[in-house]
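Just so you know, these numbers use all the heavy atoms, side chains as well, and skip hydrogens, waters and symmetry mates. Counting starts at 1 for both ligands and their atoms, following the listed order.
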Amino acid sequence: MKRWKRLAPSHADPWRGWLTYRGSLTWRIVSRAEGFRVERIQQRLRHPNEDEYRALGRPTHKRALVREVILHAGGRPVVLAHSIAARRDLFGVWRSLRGLGTRPLAEALFTDPLVRREPLEFVRIDFRHPLWKRACKVLGRELPSLWARRSLFRKRGRPLMVTEVFLPEILELGA
Ligand SMILES: C=C(O[C@@H]1C=C(C(=O)O)C=C[C@H]1O)C(=O)O
């Protein structure tokens, strides 16, 4: 599996603006298109992907809460977002995830002064990555390789990893 990189790819135009945006992705999308909505694909205890359980500091056999959504704007799917948190934190600092439903995770993250975001990482994913396969399955079509970014949000030291896969349609909202 390809390694995630801290440096935003310089050759990633027109994706670079989306990849490196430090604020809420939800708010950036909402500012550019009508009809924003969060389609919840799943939210349940699952084994994290190979390249993410270490980031949570957890052994591979432990399940974590996995939340997967598709963000829609202007009547088209624009982001597949995949977030994971340790099960015990659902009864602690990340308990707000349990009742989130189809409200964007941004509401729990960007309005809470206790939440800190660690640096973004980037990678281009294809058939070798589970999130590329998930995107194809959920959208019901074969996709090109896709840019993805991820970062850890921490609240009282406890991690929540958020990965965002940018779908081709997001470029229709501008660079
Ligand atoms: C973290 C944000 O929330 C967005 C919404 C998510 C969700 O509802 O699960 C997950 C990641 C983001 O794409 C954001 O807007 O930046």
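Within a 6.0 Å radius of CZ in Arg141, more than 12 heavy atoms belonging to other residues, nucleotides or ligands are found. Within 6.0 Å of atom CZ in Arg76, more than 12 heavy atoms from other residues, nucleotides or ligands are found, so the atom counts as buried in its surroundings. Shown here is Arg98, whose CZ atom has more than 12 heavy atoms of other residues, nucleotides or ligands within 6.0 Å.
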Would you check, one step at a time, whether the test side chain to side chain donor-acceptor pair (under 3.5 Å) holds for His129 with Asp51?
-> CA-CA 9 Å; His129 198 286; Asp51 64 349; 2.9 Å; yes

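Ring pair Trp18/Phe166 is tilted by interplanar angle, where 30° to 60° counts as tilted.
Polar contact with ligand 1: present for Leu105 (N/O pair, distance under 3.5 Å). By the 3.5 Å distance cut-off applied to N or O atoms, Trp27 is not counted among the residues near ligand 1.
The protein atom (non-hydrogen) at minimum distance from atom 16 (O) of ligand 1 is Leu25 N, 2.8 Å. At the top of the distance list for atom 9 (O) of ligand 1, counting protein heavy atoms only, stands Arg67 NE, 2.7 Å. Scanning the protein for heavy atoms near atom 4 (C) of ligand 1, the closest one is Thr26 OG1, 3.4 Å.
Residue Ala106 approaches ligand 1 through these ligand atoms, each under 4.0 Å from one of its heavy atoms: 2 (C), 3 (O), 14 (C), 15 (O). Of all atoms in ligand 1, listed by their number and element, those nearer than 4.0 Å to a heavy atom of Glu164 are 11 (C), 12 (C), 13 (O), 16 (O). Applying the 4.0 Å criterion to heavy atoms of Val162 picks out, from ligand 1, the atoms 11 (C). Residue Pro104 has at least one heavy-atom neighbour below 4.0 Å for each of these atoms of ligand 1: 8 (O). Atoms of ligand 1 lying under 4.0 Å from at least one heavy atom of Leu109, given by number and element, are 1 (C). Each of the following atoms of ligand 1 lies closer than 4.0 Å to a heavy atom of Leu71: 13 (O).
Checking each of His82, Glu68, Arg67 against Gln42 for a side chain to side chain donor-acceptor pair (under 3.5 Å) leaves exactly one that passes, namely Glu68.
Considering every non-hydrogen atom in both Gly23 and Arg117, the closest pair reads O-NH1, 3.6 Å. Pairing each heavy atom of Leu171 with each of Trp15, the nearest pair is CD1-CZ2, 3.4 Å. Of all non-hydrogen atoms in Leu143 and Leu139, the two that sit nearest each other are CD1-CD1, 4.0 Å.
Counting heavy atoms under 4.0 Å from ligand 1, residue Ala81 touches it through the side chain alone. Contact annotation: for Leu100 versus ligand 1, there are no heavy atoms closer than 4.0 Å. Contact annotation: for Val69 versus ligand 1, heavy atoms closer than 4.0 Å belong to the side chain alone.
Within the 4.0 Å heavy-atom shell around ligand 1 one finds Phe110.
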